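Please read these numbers as outputs of a predicted model, since none were measured by experiment. These numbers come from the heavy atoms of this one structure, side chains and all, not from hydrogens, waters or symmetry mates. So that the names make sense, note that chain A is the first sequence line, chain B the second, and so on, each numbered from 1.
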Number of protein chains: 2
Amino acid sequence: MNDTTHALAIRELIDRLSRLNAAEDWNGPLNPSQFAALAYLARANRFSRSPSHVADYLATTRGTASQTLKALARKKLINETRSEADKRSIRYDVTGDGRALLDEPASDLSDVIDELPSETVECLAGSLKTLVLAILRKRSGRSFGICRSCRHFAPQAGGGYCSLLEVPLNKSDSEEICHEHEAA
Amino acid sequence: MNDTTHALAIRELIDRLSRLNAAEDWNGPLNPSQFAALAYLARANRFSRSPSHVADYLATTRGTASQTLKALARKKLINETRSEADKRSIRYDVTGDGRALLDEPASDLSDVIDELPSETVECLAGSLKTLVLAILRKRSGRSFGICRSCRHFAPQAGGGYCSLLEVPLNKSDSEEICHEHEAA
DNA sequence: TGCAATAGTTTCGACTCGCTACTATTAAAT
DNA sequence: ATTTAATAGTAGCGAGTCGAAACTATTGCA
């Protein structure tokens with residue numbers, strides 16, 4: 001089996017795994033897209049929680065992301081806040097109910113990963129991450145890394161400073177996902 | 001980072017990869033489900049090409065699978081054949097047009113996999129396959145292996161014999177996916 | 001013979017998804 | 001300073017997924 005055949009097989013396996021995972025309702029009352037959006041919002045800093053950012057992260061359009069977020073808001077899992085600075089933009093914050101839903105929901109997939117030898121798990125996590133980053137680079141998309149590891153981040157007492165957005169950052173800002181992230 | 005955290009991360013990476021892959025339209029005029037169903041039908045033997053089997057493979061319901069297959073039939077990519085033996089059941093065969101669509105469509109994901117060191121690719125393919133099989137076993141689902149590797153398969157001149165379905169098999173039957181497959 | 005299981009379909013409601021068209025706001029160019 | 005272009009978000013459309021439930025038509029049992 002050569003590499004190209006492997007590539008096809010891997011593509012199919014990834015599709016199948018995500019189907020098997022989606023078929024199980026570990027995600028409570030949410031469909032896969034809604035859960036993914038909610039999980040993203042919970043890990044993104046306050047500069048990265050708009051419909052556009054979610055659309056970028058989920059590799060979909062602003063229209064679709066907008067609807068998904070409206071659905072989450074209807075279910076009281078996120079709150080809508082209009083920005084003061086830029087009156088066009090909106091920020092969504094995860095509510096208490098929303099966070100409760102995200103508390104490590106177990107799934108067959110998680111269980112099965114836990115049973116793999118830790119060496120295999122390392123390899124798997126590493127190579128999947130490599131694949132995601134490589135695809136994003138290929139499409140010149142955002143990498144969605146952690147703020148603190150960005151080249152625009154400058155450490156300061158009690159947090160840091162972003163030289164791109166030109167704003168001071170508190171500790172939690174700097175530990176969350178940022179849409180503007182660029183590797184150092 | 002412990003194993004449970006890894007499990008969550010891997011689950012998210014798989015979801016994200018399949019989204020990134022789905023967002024690209026390497027699959028022509030088909031959506032991801034339709035493409036997956038078509039690809040399955042092209043690799044399944046004549047005993048494994050019904051709506052129920054597709055539903056099992058895609059981890060969805062018969063209703064949904066039925067609709068997906070009707071959509072493919074409308075597009076002339078598969079043909080419907082009613083069974084003589086069991087008048088309830090239907091078999092779908094991939095048409096020439098259908099096969100043409102499946103010819104190794106390139107994608108960012110394939111390209112990126114090809115760039116990984118072959119050692120990593122082996123590990124990735126292996127562990128993903130392990131995960132799929134483990135989940136299926138956990139849910140007592142079908143493994144969808146190749147006919148020839150099944151414990152009900154007996155090699156014979158020009159093909160083989162299935163001791164479960166009690167039918168003679170030609171060469172191509174035995175090289176395709178079978179719904180009844182059980183590891184030897 | 002009669003009843004339960006099976007194969008497939010249909011319909012419903014909620015939703016995804018890409019798309020286009022549209023409003024409001026902000027930024028850039030003249 | 002004013003026009004123009006870009007950006008953020010939304011609404012509506014059509015095709016389709018998805019689970020669930022209700023519904024035929026067969027087939028298999030007891």
Whole Å only: how far is the [atom1] atom of [X] from the [atom2] atom of [N]?
{"X": "B:Y92", "N": "C:dG8", "atom1": "OH", "atom2": "P", "result": "8 Å"}
{"X": "B:H179", "N": "C:dA7", "atom1": "NE2", "atom2": "C1'", "result": "12 Å"}
{"X": "B:D15", "N": "C:dT16", "atom1": "CG", "atom2": "C1'", "result": "13 Å"}
{"X": "A:L20", "N": "D:dC18", "atom1": "CG", "atom2": "C1'", "result": "15 Å"}
{"X": "B:F35", "N": "D:dG16", "atom1": "CZ", "atom2": "P", "result": "17 Å"}
{"X": "A:Y57", "N": "C:dC17", "atom1": "OH", "atom2": "P", "result": "14 Å"}
{"X": "A:D56", "N": "D:dT7", "atom1": "CG", "atom2": "C1'", "result": "13 Å"}
{"X": "A:H53", "N": "D:dG9", "atom1": "NE2", "atom2": "P", "result": "7 Å"}

Next item on the list: Measure the CD1-CZ distance between A:I146 and A:R43 for me, rounded to the nearest 0.5 Å.
Entry: 6.5 Å

Report yes if a side-chain nitrogen or oxygen of [X] is closer than 4.0 Å to either non-bridging phosphate oxygen (OP1 or OP2) of [N]; otherwise report no.
{"X": "A:T60", "N": "C:dT16", "answer": "no"}
{"X": "A:S89", "N": "D:dG9", "answer": "no"}
{"X": "B:S52", "N": "C:dT6", "answer": "no"}
{"X": "A:R19", "N": "D:dC18", "answer": "yes"}
{"X": "A:N31", "N": "C:dA14", "answer": "no"}

Donor-acceptor contacts under 3.5 Å from residues 65-72 of chain B side chains, at least two apart:
from, atom 1, to, atom 2, distance (Å)
B:T68, OG1, B:T64, O, 3.2
B:K70, NZ, B:E80, OE1, 3.2

Item checked: Pairs touching residues 161-171 of chain B that satisfy salt bridge (Lys or Arg N to Asp or Glu O under 4.0 Å), sequence neighbours left out -> B:K171-B:E175

Item checked: salt bridge (Lys or Arg N to Asp or Glu O under 4.0 Å) contacts in which one or both residues fall within residues 146-160 of chain A, not counting sequence neighbours ->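 Counting only pairs at least two positions apart or across chains, the salt bridge (Lys or Arg N to Asp or Glu O under 4.0 Å) contacts touching residues 146-160 of chain A are A:R151-A:E182.
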
Check: Mapping A:P51 and A:A22 to their closest nucleotides on DNA chain D, which lands nearer the 5' end?
Finding: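 It is A:P51 whose nearest nucleotide is closer to the 5' end.
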
Margin query: Membership question, hydrophobic clusters at under 4.5 Å side-chain separation (ILVMFWY): are B:L165 and B:L169 in the same one?
Written below: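 Both belong to a single hydrophobic cluster.
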
Check: Would B:Y161 and B:F153 count as a close aromatic pair, with their ring centres under 6.0 Å?
Finding: no

Checklist line | Upstream residue (5' side of DNA chain C) when A:R62 and B:I90 are each assigned their closest nucleotide | finding: B:I90

Checklist line | Base D:dT7 to side chain A:R88, donor-acceptor N/O within 3.5 Å cut-off | finding: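 Per atom types, the contact qualifies.
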
Next item on the list: Evaluate the criterion salt bridge (charged side-chain N to carboxylate O under 4.0 Å, His left out) for residue pair B:D15 and B:R19; output intermediate values, then yes/no.
Entry: CA-CA 6 Å; B:D15 179 67; B:R19 271 175 208 285; 3.0 Å; yes

Next item on the list: Output, in order, the C-alpha distance, side-chain angles, deciding distance and verdict of disulfide bond (SG atoms under 2.5 Å apart) for B:C123 and A:C123.
Entry: CA-CA 7 Å; B:C123 166; A:C123 165; 2.1 Å; yes

Check: In residues 74-86 of chain B, which ones come under 4.0 Å of DNA chain D, going by heavy atoms?
Finding: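 Residues of residues 74-86 of chain B under 4.0 Å from DNA chain D: B:R74, B:K75, B:A85, B:D86.
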
Next item on the list: Using a cut-off of strictly less than 4.0 Å between a heavy atom of the residue and any atom of DNA chain D, enumerate the qualifying residues of residues 64-73 of chain A by number.
Entry: A:S66, A:K70

Next item on the list: Tell me which nucleotide among D:dA25, D:dG16, C:dC15 gets nearest to the side chain of B:Q34.
Entry: D:dG16

Next item on the list: Indicate the ring-plane relationship of A:H179 and A:H53, choosing parallel, tilted or perpendicular according to the 30° and 60° boundaries.
Entry: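 Tilted: the ring planes of A:H179 and A:H53 meet at 30° to 60°.
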
Check: Can you name the salt bridge (Lys or Arg N to Asp or Glu O under 4.0 Å) partners of B:E115, sequence neighbours left out?
Finding: none

